[in-house]
Amino acid sequence: MARLTRALVKSECYAVDDDKVTHDVNGYSGEAIIKLAKFENIYDDLLASQNNISKELERLRNEGKKNSVKFRELLGKKLMNSHTIILFETNGLK
């Protein structure tokens with residue numbers, strides 16, 4: 001994936017070339033804004049998925065199906081999602 005941002009020297013700030021964003025009365029748009037929105041959408045989807053998985057795991061626990069393949073698959077997915085969320089949050093994408 002090609003980067004759209006570049007780090008500024010001796011700073012925690014980043015810059016984007018003018019051709020990657022545009023400004024109008026509605027705010028900013030362009031390639032850099034679209035990429036940011038996609039990262040935000042992924043993060044939101046992961047959080048929603050975690051919530052749904054937790055509910056499904058609780059349902060399976062209540063049905064006594066803690067040893068089922070479905071339970072184990074969901075638990076694995078929940079752990080993978082948790083790891084991905086931690087990567088986002090560690091890098092300030094929260």
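Here the structure is a predicted model, which is why all the values come from computation and not from measurement.
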Student: Run the numbers on Arg61 and Glu58 for salt bridge (charged side-chain N to carboxylate O under 4.0 Å, His left out), then give the verdict.
Tutor: CA-CA 5 Å; Arg61 276 189 200 99; Glu58 185 62 29; 3.6 Å; yes
Student: Would you check if the side chain of Asp24 reaches a backbone N or O of Asn26 as a donor-acceptor pair within less than 3.5 Å?
Tutor: yes
Student: Using a 6.0 Å cut-off, check whether atom CG of Asp18 has over 12 heavy atoms from anything other than its own residue.
Tutor: no
Student: With sequence neighbours left out, write down each residue that passes side-chain contact (heavy atoms from CB on, under 4.5 Å) with Ala37, or none if nothing qualifies.
Tutor: none
Student: Closest approach of Thr22 and Gly30, non-hydrogen atoms and distance?
Tutor: OG1-N, 4.4 Å
Student: Among pairs that include at least one residue of residues 12-48, which meet ring-ring contact (aromatic ring centres under 6.0 Å, His included), considering only residues two or more places apart or in two chains?
Tutor: His23-Tyr28, Tyr43-Phe88
Student: In the single-linkage hydrophobic clustering (I, L, V, M, F, W, Y; side-chain heavy atoms under 4.5 Å), do Met1 and Ile42 co-cluster?
Tutor: yes
Student: Do NZ/NE/NH1/NH2 and the carboxylate oxygens of Arg59 and Glu56 come within less than 4.0 Å?
Tutor: yes
Student: Should Val16 and Ile33 be counted in the same cluster of Ile, Leu, Val, Met, Phe, Trp and Tyr side chains packed under 4.5 Å apart?
Tutor: yes
Student: Rounded at 0.5 Å granularity, tell me how far CG in Leu4 sits from CD1 in Ile34.
Tutor: 10.0 Å
Student: Please identify each residue that fulfils side-chain hydrogen bond (donor to acceptor under 3.5 Å, both in side chains) with Lys65, with sequence neighbours left out.
Tutor: Glu63
Student: Less than 3.5 Å apart, which donor and acceptor atoms pair up between the side chains of residues 71-86 and the rest of the protein, not counting sequence neighbours?
Tutor:
{"from": "Lys78", "atom 1": "NZ", "to": "Ser54", "atom 2": "OG", "distance (Å)": "2.9"}
{"from": "Asn81", "atom 1": "ND2", "to": "Ser49", "atom 2": "OG", "distance (Å)": "3.2"}
{"from": "Asn81", "atom 1": "ND2", "to": "Gln50", "atom 2": "OE1", "distance (Å)": "3.2"}
{"from": "Ser82", "atom 1": "OG", "to": "Gln50", "atom 2": "NE2", "distance (Å)": "3.0"}
{"from": "Ser82", "atom 1": "OG", "to": "Lys78", "atom 2": "O", "distance (Å)": "2.9"}
{"from": "Thr84", "atom 1": "OG1", "to": "Met80", "atom 2": "O", "distance (Å)": "3.1"}

Student: Name all residues meeting the side-chain contact (heavy atoms from CB on, under 4.5 Å) criterion together with Glu12; count only those two or more places apart in sequence or in a different chain, and write none if there are none.
Tutor: none
Student: Does a side-chain heavy-atom distance below 4.5 Å link Arg6 with Asp17?
Tutor: yes
Student: Tell me every residue that passes salt bridge (Lys or Arg N to Asp or Glu O under 4.0 Å) with Lys20, counting only those two or more places apart in sequence or in another chain.
Tutor: Glu31
